[in-house]
Amino acid sequence: MKVLVYGTGGRDQSLADKYGDSQHVDKVYFVPGNPGVAYTLKGKRGLIECFDIRDFSEVSKFCLEKKVDLVDIGSENPLEEGLVDVLNEHGIRTIGPRQQYVRLESDRAFTDDILRDIGVSKPEYRVFDDPEQAKEYVRNIGYQVFVKANGLAAGKGAIGCDDVPQAESAVEKLMVEKIFGSSGDRVVIEERKYGTEISFFVYLDGQHALPLKMFVQDYKRAFDLDDENAIKEFGGNLNTGGTGCYAPHKLLSPWLVNKIIKEIVNPTVNAIYNRGDLGLGWDYKGVLYFGLNLDPYNNLDVFEINVRHGDPEWEVLSRKLSTDLFEIGMAVWEGTLDQIYPVWNNQCYVDVVAMEGRSKASKGWNKGYPGRYGKGHQVVGLDQIDRGIAIYFSGVREDQDKGLVTDGGRVLHVIAGDATLEGARERAYRNIERISFLDHYHDNANCMRYRKTIGLEEIQHL
Ligand code: GLY
């Protein structure tokens with residue numbers, strides 16, 4: 001069987017890698033893909049091959065020519081641009097929602113209103129199109145809030161605010177400075193909840209729901225709490241598109257999984273399939289990502305719903321999943337998910353994200369991700385990585401002279417498994433330390449940065 005995974009980042013590469021593990025699959029096309037794949041085992045063997053095709057009708061032509069059996073789309077942007085609709089018109093099997101269904105992620109206010117109408121718990125919220133009214137609201141509300149861009153913002157559109165000046169500034173950034181473009185034309189201001197953030201994933205086939213009973217938590221903070229350099233440079237409290245993840249989560253229990261399915265997943269999926277009166281009634285085929293908060297009193301709230309896997313959540317979940325992904329994918333397409341029973345291996349996994357750190361610019365210094373960061377730094381040490389460690393690339397390109405170089409703030413993921421979380425952490429950190437990003441303006445000093453605490457809270461029982 002031949003599978004095509006559409007995407008470029010680490011989550012998309014981990015999808016390609018997982019399909020490459022399938023007993024049914026002998027070829028994975030990763031389109032447009034990323035040049036890091038050529039440095040991995042499956043890339044070198046030609047099992048995963050990248051083709052830089054971006055035009056959707058060309059992707060469709062490619063699928064027909066190569067007789068691709070299944071296409072999986074990893075991220076929200078091609079879904080929103082209608083890739084599934086284009087492929088389905090040509091009879092190509094896909095996993096991922098059609099364009100109109102992406103609204104669940106690309107229009108927060110729409111989804112929040114649905115959740116409220118069907119009685120699924122979520123924090124108090126108000127929607128604003130006018131920045132002055134939004135600022136007036138945060139001045140009067142009294143409690144702490146999240147200010148959220150209504151549209152897509154690569155998982156970074158929610159700004160947590162400790163006080164009124166921060167909330168006013170968040171409104172200004174999203175609605176006036178437009179740091180996420182037109183996604184900030186409208187904002188949702190939501191009561192800030194405290195507790196544990198949980199990412200929970202469910203496959204849908206248009207009739208059934210298959211919950212993945214293995215939730216995880218994204219480490220969204222850019223820095224460790226005790227990172228003094230970060231506190232000096234950035235004030236410390238910055239969110240990113242995810243700096244790491246571990247599995248299984250310390251709170252994972254059948255009780256909590258049942259509670260999530262009963263209180264959140266079942267009513268939401270029922271509405272998606274059946275509630276034409278709410279603008280739904282959809283034959284949704286793909287992944288639903290529930291961003292949840294569990295408070296100290298065991299109350300669950302939905303922060304957001306996305307229409308794809310999480311990044312970096314999927315990078316560890318895909319390693320932990322033993323079930324053949326091609327079998328899940330075909331069941332999504334054929335409407336037979338009720339016949340799939342996911343199996344998880346008994347390993348622990350840790351994903352540490354290597355980011356661009358402080359580097360020398362042609363003039364002055366780059367602070368590093370999530371501030372201004374340098375690019376074009378040679379990535380070295382990949383040949384020193386132990387067997388069994390997965391490396392997935394998020395921000396790299398191939399340079400004619402230097403080979404693989406950095407091309408983004410989050411550059412690559414190092415994922416290690418072991419029988420214990422301590423062991424998985426030790427392996428992940430031992431291997432990431434073998435990788436360097438060479439700062440060519442600064443005597444080739446290593447300008448890579450990563451968080452040191454991924455999975456640590458579990459070990460220390462914090
Ligand atoms: N983990 C955040 C996201 O994928 O949006």
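Atoms within each ligand, like the ligands themselves, are counted from 1 in listed order.
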If I apply the N/O under 3.5 Å rule, does E304 come out as touching ligand 1?
no
Going through the checks in order, is the side-chain hydrogen bond (donor to acceptor under 3.5 Å, both in side chains) test met by N88 and T94?
CA-CA 7 Å; N88 288 171; T94 52; 2.9 Å; yes
Could an N or O of ligand 1 be found under 3.5 Å from any N or O of D218, whether backbone or side chain?
yes
Within ligand 1, which atoms have a heavy atom of E313 less than 4.0 Å away?
1 (N)
Do the charged groups of R98 and D85 touch, with an N to O distance under 4.0 Å?
no
I need the contact type for R308 against ligand 1. Using non-hydrogen atoms and a strict under-4.0 Å cut-off, is it side chain, backbone, both or neither?
side chain
Pull out every atom of ligand 1 sitting under 4.0 Å from any heavy atom of G310, numbered as shown with elements.
4 (O)
Below 6.0 angstrom between ring centroids: does that apply to Y273 and H208?
no
Classify the ring geometry between Y101 and W282 as parallel (under 30°), tilted (30 to 60°) or perpendicular (over 60°).
parallel
Under a 4.0 Å N-O cut-off, is there an ion pair linking K452 with D227?
no
Does K220, backbone or side chain, put an N or O under 3.5 Å from an N or O of ligand 1?
no
